Engineer: 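My questions all concern the structure below.
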Amino acid sequence: MSIYDTLNEQQKEAVLHTEGPLLILAGAGSGKTRVLTHRIAYLIEEQGVNPWNILAITFTNKAAGEMRERVDKLVGFGAESIWVSTFHSTCVRILRRHIDLLGYDNNFTIYDSDDQKTLMKDVCKLLQIDTKIFKERALLSTISHAKDELITPEEFRIRAEGDFSQKKIAEVYEEYEKQLRANNALDFDDLLVKTVQLFQTQADMLEYYQERFRYIMVDEYQDTNTVQFELIRLLASKYRNLCVVGDDDQSIYKFRGANIKNILNFEHVFEDAKVIKLEQNYRSTSNILNAANAVIRNNRGRKDKTLWTDNGDGEKLEFRQFDTAYDEAEYIVGDIREHVDRGECTYNDNAILYRTNAQSRIFEEKFVNANIPYKIVGGINFYARREIKDLLSYLKTVDNGQDDLAVRRIINVPKRGIGLTSINRVQEYAVRHEVGFYEALRAVDLIPNIGRGASKLESFVALIEHFKTDAQEMSISRLMKEIIEETGYVESLEAEDSEEAEARIENIDELMSKIVAYEDTCEEMNEPSTLSGFLEEVALVADIDSLDENSDYVVLMTLHSAKGLEFPHVYLAGLEDGIFPSYMTITADDPEEVEEERRLCYVGITRAEKALTLTCARSRMIRGETQYNKMSRFLKEIPMELLSTGAVFEKEKEEPAKQAAYMQARQAFRTKAFTAPKPARQFGTPAGDGPGYGVGDRVRHMKFGEGTVTAIVEGGRDYEVTVDFDGPGTKKMFATYARLQKV
DNA sequence: CTCCCCACTCTTTTT
DNA sequence: GAGTGGGGAG
């Protein structure tokens with residue numbers, strides 16, 4: 001019996017079809033990773049394909065790692081020379097070798113979104129753009145979309161003809177590009193764009209990589225955008241052995257430029273493409289699957305398919321509605337604890353999925369209280385933390401002196417008495433003489449009006465130059481230690497003597513061990529460890545990559561991050577109109593936006609293997625405002641008989657006052673929602689029913705303890721409350737933020 | 001030059 | 001509520 005006998009009919013067909021374009025429409029949990037790994041094995045073992053000629057592109061580094069591991073098990077020998085990586089790392093690997101052909105330096109820096117924003121601020125300042133009208137974030141997102149569509153600044157300008165604000169954006173785009181180039185830096189989108197440009201302009205390069213990658217496989221194909229498609233098309237156009245795997249129902253990255261047409265039109269672009277559908281689901285119970293099918297059925301313009309399974313019905317889906325988001329979190333945390341205590345599962349069998357990162361906070365609070373191990377994926381990336389970015393900026397400055405952003409970030413960190421005036425003088429000089437910021441620094445004695453600042457700048461330059469010499473002969477970890485010591489970075493944190501500073505020092509320790517780990521892997525792989533190499537690895541990691549199946553913790557993440565994962569027990573939290581589907585998509589006039597949310601819901605439901613719990617809250621605090629939301633429209637699309645109706649229609653026992661307030665709020669919501677065409681704050685709390693306490697009442701505050709209310713002033717949509725606290729004295733605060741409780 | 005306080009803005013999802 | 005930028009004092 002061969003390894004291929006374990007596959008079902010369709011899977012086998014996909015594995016055996018090795019030549020020519022192939023589209024595998026793989027529903028959730030239909031074993032597509034299995035197909036891909038077996039296909040690779042088949043290519044190598046049965047077709048005699050050189051592993052070196054295979055390229056497999058996945059969505060995350062984690063997925064790449066898993067695929068490599070699984071291929072390793074199937075293929076005894078040569079698996080390590082298969083190129084398995086994400087789009088971005090693939091491009092970086094290519095660009096590191098050849099980007100000089102496009103006029104960049106090969107040790108370019110990669111800018112993350114923080115860096116992009118800083119750069120954009122500079123650009124706006126330089127062009128005297130009013131950032132009240134043109135928001136940095138909006139500008140960046142427009143530019144990013146342009147890049148996704150392979151629209152150059154020149155082309156953008158031509159298209160903007162006659163439109164004042166578009167023309168303004170074109171100007172920004174041009175300047176932004178200019179500055180990136182001057183800093184020898186690429187943003188995330190550039191990694192793809194420049195690679196495509198490389199292949200478009202250098203025929204021999206394209207030829208080389210076409211020869212190299214004779215067999216190409218792309219996972220999560222539904223989420224590719226135009227640049228990615230173009231890259232694949234170019235690479236595959238010679239041998240045409242392109243196999244893409246995807247599920248149009250799981251396309252959830254339109255906001256990032258994903259072009260669903262890439263999958264819907266695959267057969268038109270590659271006319272002789274073979275199409276195979278995988279519809280048998282091996283992951284979930286039939287109840288879960290039927291719920292997913294029922295929801296996704298409401299979308300139009302999808303490739304028709306229905307998942308089925310012979311896993312049996314399984315448990316019904318639990319549904320619970322709560323008064324507040326706190327109750328919701330408490331229930332879920334308690335439920336997990338119960339299951340684990342009863343020995344039914346371990347913590348890492350459970351995942352909590354939600355729409356926005358902000359929702360994780362309440363859960364975190366409850367998990368800390370309950371002393372249950374948990375892990376939040378997403379939110380602020382480790383490498384985006386201030387102390388980490390500071391230290392990395394030192395490394396970047398040493399590695400690529402043209403990266404002005406990095407230099408300016410650290411020039412006065414830790415404080416060495418270099419102020420804004422000095423920095424501006426240097427900047428002016430740099431601009432006037434068309435040199436980089438660091439270059440200008442080195443010529444500090446030529447800069448006029450710098451006065452006393454000069455000596456400080458000189459010693460900063462001396463410090464960096466010293467590190468540059470060190471870098472020639474030291475390992476990265478040694479250099480990092482040197483930097484920390486010479487700059488007194490940790491020392492200045494220690495001096496702060498705060499809990500926050502302590503946490504930062506811990507993060508720095510963690511960074512050190514990550515550097516050492518990088519050096520170790522390089523040694524294992526017999527590759528030299530380089531500063532550029534480390535920085536690039538750091539730039540491309542996603543938080544999800546750090547997820548570890550062997551640790552026992554409950555996993556919390558957004559629905560987007562959950563794509564491609566599976567868990568025995570999944571909790572979908574915050575199923576409310578206005579949260580999920582989000583307020584933005586409900587009010588947008590494009591119905592496709594809600595469809596994308598529905599696909600997201602489909603992704604969420606299909607993550608569950610055995611049990612699925614759906615929850616929502618009648619009210620929740622969002623950015624300091626209480627919102628009253630209806631239950632999500634997606635919930636209503638799930639057939640009632642699949643739900644455990646347990647507590648759903650049970651009238652919660654509420655105090656009459658609370659009930660009245662809720663009804664009133666709901667009424668307000670209704671009238672507002674249906675009379676105003678586009679109300680600014682559709683879900684906002686009306687300031688009608690008072691804060692629930694009055695002057696003279698005793699109240700309790702989370703931080704300040706107990707006190708007496710001395711005044712309440714109604715202002716706008718909130719109450720300003722003055723409280724004379726027993727301990728810390730008199731404080732003024734807004735009622736919705738303070739969350740005061742009457743005692 | 002640095003620190004601190006106040007006011008203002010966040011309103012999605014991410015490689 | 002949190003994070004940031006501006007303004008003013010020291």
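Every chain is numbered from 1, with letters handed out A, B, ... down the list of sequences. Quick caveat: nothing in here was measured; it's all calculated off a predicted structure.
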Engineer: Would you mind reading off the distance between A:Glu597 atom CD and B:dT12 atom P, rounded to a whole angstrom?
Structural biologist: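 A:Glu597 atom CD is separated from B:dT12 atom P by 11 Å.
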Engineer: Report yes or no: is the ring centroid of A:Phe255 under 5.5 Å from the six-membered base ring centroid of B:dT13, with the two planes under 30 degrees?
Structural biologist: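 The ring of A:Phe255 is stacked on B:dT13.
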Engineer: Starting the side chain at C-beta, find the nucleotide from C:dG1, B:dT15, B:dT12 nearest to A:Glu593.
Structural biologist: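 For the A:Glu593 side chain, the nearest candidate turns out to be B:dT12.
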Engineer: Just N and O in the side chain of A:Lys456: are any of them under 4.0 Å from OP1 or OP2 of B:dC1?
Structural biologist: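 A:Lys456 to B:dC1 OP1/OP2: no side-chain N or O under 4.0 Å.
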Engineer: Ignoring the backbone of A:Lys415, work out which of B:dT15, C:dG1, B:dT2 is nearest its side chain.
Structural biologist: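 Closest of the options to the side chain of A:Lys415: B:dT2.
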Engineer: In whole angstrom, give the distance that lies between atom CZ of A:Arg607 and atom C1' of B:dT13.
Structural biologist: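 The answer, rounded to whole Å, is 16 Å.
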Engineer: Using a heavy-atom cut-off of under 4.0 Å over every strand shown, decide if A:Phe580 touches base, sugar-phosphate, or nothing.
Structural biologist: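 A:Phe580: no heavy atom of the nucleic acid under 4.0 Å.
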Engineer: If you find the nucleotide of DNA chain B closest to A:Gly417 and the one closest to A:Leu192, which residue's nucleotide is nearer the 5' end?
Structural biologist: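 Upstream on the strand: A:Gly417.
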Engineer: Round to the nearest Å and state the distance from A:Gln116 atom CD to B:dT15 atom C1'.
Structural biologist: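 In whole Å, B:dT15 C1' lies 11 Å from A:Gln116 CD.
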Engineer: Can you check whether A:Asn225 has a side-chain N or O nearer than 4.0 Å to OP1 or OP2 of B:dT15?
Structural biologist: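 A:Asn225 to B:dT15 OP1/OP2: no side-chain N or O under 4.0 Å.
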Engineer: Are A:Arg620 and A:Glu576 close enough for a salt bridge, meaning some N to O gap below 4.0 Å?
Structural biologist: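 Counted as a salt bridge, because a side-chain N and a carboxylate O are separated by less than 4.0 Å.
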Engineer: Please work out if A:Asn412 contacts a base, only the sugar-phosphate, or nothing of the nucleic acid, heavy-atom cut-off 4.0 Å.
Structural biologist: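 Sugar-phosphate, no base atom in range.
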Engineer: Is the Lys NZ or Arg CZ of A:Lys514 less than 6.0 Å from the centre of A:Phe534's six-membered ring, within 45° of the axis?
Structural biologist: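 Pair A:Lys514/A:Phe534 does not count as cation-pi.
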Engineer: Do NZ/NE/NH1/NH2 and the carboxylate oxygens of A:Lys147 and A:Glu177 come within less than 4.0 Å?
Structural biologist: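 Looking at A:Glu177 together with A:Lys147, the answer is yes, because their closest N to O distance falls below 4.0 Å.
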Engineer: Pick base, sugar-phosphate or nothing for A:Ser561, based on heavy-atom distances below 4.0 Å to the nucleic acid.
Structural biologist: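 Sugar-phosphate contact only.
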Engineer: Specify the separation, in whole Å, of atom OH of A:Tyr383 and atom P of B:dT15.
Structural biologist: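 Those two atoms, OH and P, are 14 Å apart.
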Engineer: Categorize A:Ile418 for me: base, sugar-phosphate, or nothing, with a 4.0 angstrom heavy-atom threshold over every strand shown.
Structural biologist: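 Sugar-phosphate, no base atom in range.
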Engineer: Counting side-chain heavy atoms from C-beta on, which of B:dT14, B:dT15, B:dT12 comes nearest to A:Thr356?
Structural biologist: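 The answer is B:dT12, which lies nearest to the side chain.
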Engineer: Can you tell me how far C1' of C:dG1 sits from CZ of A:Arg620, to the nearest Å?
Structural biologist: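 From A:Arg620 CZ to C:dG1 C1': 15 Å.
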Engineer: Name the nucleic acid region contacted by A:Lys563, choosing base, sugar-phosphate or nothing; use a 4.0 angstrom heavy-atom cut-off, strictly under.
Structural biologist: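 Answer is nothing: A:Lys563 stays at 4.0 Å or more from every strand.
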Engineer: So what does A:Lys121 touch, heavy atoms closer than 4.0 Å: a base, only the sugar-phosphate, or nothing?
Structural biologist: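 Sugar-phosphate, backbone atoms only, no base.
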Engineer: With ring-ring contact (aromatic ring centres under 6.0 Å, His included) as the test, would you mind laying out the steps for A:Tyr571 and A:Phe363 before giving the verdict?
Structural biologist: CA-CA 12 Å; A:Tyr571 294 84; A:Phe363 288 107; 8.8 Å; no
Engineer: Under 4.0 Å, heavy atoms only, any strand: does A:Thr60 hit a base, just the sugar-phosphate, or nothing?
Structural biologist: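 No contact.
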Engineer: Look at A:Asp223 together with A:Lys254 and state whether they make a salt bridge at an N to O cut-off of under 4.0 Å.
Structural biologist: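 No, this pair does not count.
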Engineer: Using whole Å, what does the distance between atom P of nucleotide B:dT15 and atom CG of A:Asp114 come to?
Structural biologist: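 Atom CG in A:Asp114 sits about 14 Å away from atom P in B:dT15.
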Engineer: Output the rounded distance in Å from CD (A:Gln359) to P (C:dA2).
Structural biologist: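 My rounded result for the distance is 17 Å.
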Engineer: Can A:Arg361 and A:Glu364 be counted as an ion pair, charged N to O under 4.0 angstrom?
Structural biologist: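 No, no charged N to carboxylate O under 4.0 Å.
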Engineer: With heavy atoms under 4.0 Å as the rule, sort A:Leu420 into base, sugar-phosphate or nothing.
Structural biologist: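 It contacts sugar-phosphate atoms only.
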Engineer: Would you mind checking if A:Asp115 and A:Lys396 are paired as a salt bridge, meaning a charged N to carboxylate O distance below 4.0 Å?
Structural biologist: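 Salt bridge: yes.
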Engineer: For B:dT12, take OP1 and OP2 only and decide whether either is under 4.0 Å from a side-chain N or O of A:Thr558.
Structural biologist: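 The answer is no; no side-chain N or O of A:Thr558 sits under 4.0 Å from OP1 or OP2.
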Engineer: Under 4.0 angstrom, heavy atoms only, what part of the nucleic acid is A:Ser582 near: base, sugar-phosphate, or nothing?
Structural biologist: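 The residue A:Ser582 makes base contact.
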Engineer: Closest to the A:Lys135 side chain: B:dT15, B:dT13, B:dC10?
Structural biologist: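 Output: B:dC10.
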Engineer: Does B:dT13 have OP1 or OP2 sitting under 4.0 Å from an N or O in the side chain of A:Asn357?
Structural biologist: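 Checking B:dT13 against A:Asn357, a side-chain N or O does come within under 4.0 Å of OP1 or OP2.
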Engineer: Over how many whole Å does the gap from A:Tyr583 atom OH to B:dT13 atom C1' extend?
Structural biologist: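 Nearest whole value for this atom pair: 18 Å.
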Engineer: Touch check for A:Asp543, heavy atoms < 4.0 angstrom, all strands: base, sugar-phosphate only, or nothing?
Structural biologist: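 The answer is nothing, as A:Asp543 stays clear of every strand by at least 4.0 Å.
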